[in-house]
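No experiment lies behind these values; they were computed from the predicted model shown. Both backbone and side-chain heavy atoms feed into the values below; hydrogens, waters and symmetry mates do not.
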Amino acid sequence: MRIFDPHVHMTSRTTDDYQRMHAAGVRAVVEPAFWLGQPRTNVGSFLDYFDALLGWEPYRAAQHGIHHHCALALNPKEANDPRCAAVLAELPRYLLKDSVVAVGEVGYDSMTAEEERAFEAQLALAQENDLPVLVHTPHRDKAGGTRRTLDVVRAAGIPPVRVLIDHLNEMTVGMVAESGCWMGFSIYPDTKMDPDRMVALLKQYGTDRMLVNSAADWGRSDPLKTREVADVMLAAGFGEDDVDRVLWRNPVTFYGQSGRLDLRTGSEAGADYAGNTIKRG
């Protein structure tokens, strides 16, 4: 079984997680830029983070046979902080990097005017750089936030097939399915979606444009939830081809629109990165 986790925050995870993921079948990940928990207070903090997603994390993942790509953006939560607004001016040069396969996470957190301005600006950057977009839907007022998200996407004129609306659930999947955008689902231990509910939605809506991710970060989450969904799919009567479509071919198709997705074998990183061998302890 091969698994592509299309949304996982590996900068928050340990090397043991990479080992466990590879053993479970994970061979590729996309790591979107997000809020690190501790608020950032200046643009330089973001740039160091972007550099890590472009350098250190791909190196770390490659040591365990996992291809790492990223999506870059000013995330919705920190779009409200005026100290971070200048990140938008720095993004164009970062969006040219080979391993950047999307703009993201963008969208809403608290549905503020500042968030909407950043959202619209980054949709425009995605179109200018011919990149797909990963959109975060808010944890509060999920249905209202998703409707507003779709309105903004339509107004921007970006083709729906190039947009992934993430963190969906039973209340929001229908409107996104009708929009033509890709549908993303985050599988968590306690919140968001769980494997059984996810499989129920796959039975109802089919496997087309459906992406399943762990969205694992610094909170209570599990980077093996993608494998758990695969196992539950098989137990529920889905075939191996269905599992491969949802857990591999769909993310490859979506992020492949960037023209930068590189899943070739034999491209593992060397034993040293920036003077660090990670073979300590």
Side-chain angles (χ1 to χ4, degrees), residues 1-37 57 60-61 64-71 102 104-105 134-137 139 142 164-173 176 182-207 209-240 242-255:
M1 182 183 297
R2 55 182 183 171
I3 296 172
F4 187 147
D5 192 330
H7 182 159
V8 58
H9 300 290
M10 294 308 298
T11 192
S12 303
R13 312 303 302 192
T14 67
T15 297
D16 290 348
D17 287 320
Y18 273 123
Q19 293 174 326
R20 293 166 56 231
M21 290 164 68
H22 185 271
V26 177
R27 296 294 182 269
V29 300
V30 166
E31 179 163 0
F34 82 132
W35 179 54
L36 295 179
E57 281 307 321
R60 202 161 68 108
H64 303 283
I66 296 176
H67 296 277
H68 181 289
H69 295 79
C70 67
E105 298 178 53
L134 169 59
V135 182
H136 169 97
T137 52
H139 304 298
K142 178 71 75 175
L164 167 58
I165 311 293
D166 214 343
H167 309 314
L168 300 179
N169 58 25
E170 293 88 345
M171 294 188 301
T172 55
V173 57
V176 179
W182 288 74
M183 296 157 277
F185 302 86
S186 301
I187 315 302
Y188 265 40
D190 299 317
T191 60
K192 299 184 180 177
M193 292 291 293
D194 64 37
D196 290 325
R197 291 166 57 205
M198 185 68 242
V199 171
L201 288 181
L202 289 169
K203 288 181 176 179
Q204 180 178 356
Y205 288 94
T207 59
R209 291 186 286 120
M210 300 287 261
L211 294 180
V212 172
N213 66 72
S214 70
D217 57 19
W218 36 257
R220 180 160 162 71
S221 52
D222 183 354
L224 300 187
K225 283 297 183 183
T226 50
R227 175 55 190 257
E228 191 173 337
V229 168
D231 291 340
V232 174
M233 285 181 69
L234 292 172
F238 283 97
E240 292 182 1
D242 297 316
V243 171
D244 190 70
R245 177 176 182 136
V246 173
L247 274 300
W248 184 265
R249 301 199 309 270
N250 279 356
V252 167
T253 298
F254 178 74
Y255 287 116

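- With a 4.5 Å cut-off on side-chain heavy atoms, Cys70 and Glu57 do not count as touching.
- Every residue two or more places apart in sequence or in another chain was checked for a salt bridge (charged side-chain N to carboxylate O under 4.0 Å, His left out) with Asp194, and none qualifies.
- Residues passing the ring pair (Phe, Tyr, Trp, His ring centres under 6.0 Å) test with Phe254 are Trp182, sequence neighbours excluded.
- For the atom pair CG of Leu211 and OG1 of Thr226, the computed distance is 12.0 Å after rounding to the nearest 0.5 Å.
- Across all their heavy atoms, Asp166 and His7 have their closest contact at OD2-ND1, 2.7 Å.
- Partners of Asp242 under the side-chain hydrogen bond (donor to acceptor under 3.5 Å, both in side chains) rule, at least two apart in sequence or in another chain, do not exist in this structure.
- The shortest non-hydrogen separation linking Ser221 to Pro189 is CA-CD, 3.7 Å.
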From CA spacing to verdict: side-chain hydrogen bond (donor to acceptor under 3.5 Å, both in side chains), Thr172, Asn169: CA-CA 6 Å; Thr172 55; Asn169 58 25; 3.3 Å; yes
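- Residues meeting the salt bridge (charged side-chain N to carboxylate O under 4.0 Å, His left out) test with Arg27, sequence neighbours left out: none.
- No more than 12 heavy-atom neighbours from other residues, nucleotides or ligands sit within 6.0 angstrom of CD on Glu240.
- Side chain of Arg2 to main chain of Val26: no donor-acceptor pair is present (N/O by atom type, distance under 3.5 Å, no hydrogens or angles).
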Without placing hydrogens or testing angles, list every side-chain donor-acceptor pair under 3.5 Å for residues 30-37, not counting sequence neighbours.
unit_1, atom_1, unit_2, atom_2, d
Glu31, OE1, Met10, N, 3.4
Glu31, OE1, His68, NE2, 2.8
Glu31, OE2, Met10, N, 3.2
Glu31, OE2, Thr11, N, 2.9

Audit row: Lys225, Met193, side-chain contact (heavy atoms from CB on, under 4.5 Å) steps and yes/no: CA-CA 10 Å; Lys225 283 297 183 183; Met193 292 291 293; over 6 Å; no
Pair His167-Thr137, side-chain hydrogen bond (donor to acceptor under 3.5 Å, both in side chains): steps then yes or no: CA-CA 6 Å; His167 309 314; Thr137 52; 5.8 Å; no
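- Judged purely by atom type and a 3.5 angstrom limit, Asn213 has no side-chain atom pairing as donor or acceptor with the backbone of Pro6.
- The distance from atom CE of Met1 to atom CG of Asp244, rounded to the nearest 0.5 Å, is 9.0 Å.
- Checked by atom type and distance alone, the side chain of Asp231 never pairs as donor or acceptor with a backbone atom of Glu228 at under 3.5 Å.
- If you take CZ on Arg60 and OG1 on Thr14, they are separated by 7.5 Å, rounding to the nearest 0.5 Å.
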side-chain contact (heavy atoms from CB on, under 4.5 Å) between Met233 and Val199, worked out: CA-CA 6 Å; Met233 285 181 69; Val199 171; 3.8 Å; yes
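- In terms of heavy-atom proximity, Pro223 sits nearest to Met21 at CB-SD, 3.7 Å.
- Atom CG of Asp5 and atom CG of Leu224 lie 10.0 Å apart (nearest 0.5 Å).
- When all heavy atoms of Tyr188 and Ser214 are compared, the closest pair comes out as CE1-O, 3.2 Å.
- Listed by chain and residue number, nothing satisfies the salt bridge (charged side-chain N to carboxylate O under 4.0 Å, His left out) test with Arg209 (two or more places apart in sequence, or in another chain).
- Contact annotation: the side chain of His9 approaches that of Glu105 to within less than 4.5 Å [non-hydrogen atoms, C-beta and beyond].
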Pair Met210-Phe185, side-chain contact (heavy atoms from CB on, under 4.5 Å): steps then yes or no: CA-CA 8 Å; Met210 300 287 261; Phe185 302 86; 3.7 Å; yes
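- The heavy-atom pair separating Arg13 from Ala216 by the smallest distance is NH1-CB, 3.9 Å.
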His67/Val29 under side-chain contact (heavy atoms from CB on, under 4.5 Å): CA gap, chis, key distance, verdict: CA-CA 6 Å; His67 296 277; Val29 300; over 6 Å; no
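- For the pair Thr207 and Phe238, the tightest heavy-atom approach, listed with the atom from each and the gap, is CG2-CE2, 4.4 Å.
- For the pair Arg20 and Asp222, the minimum side-chain heavy-atom distance is below 4.5 Å.
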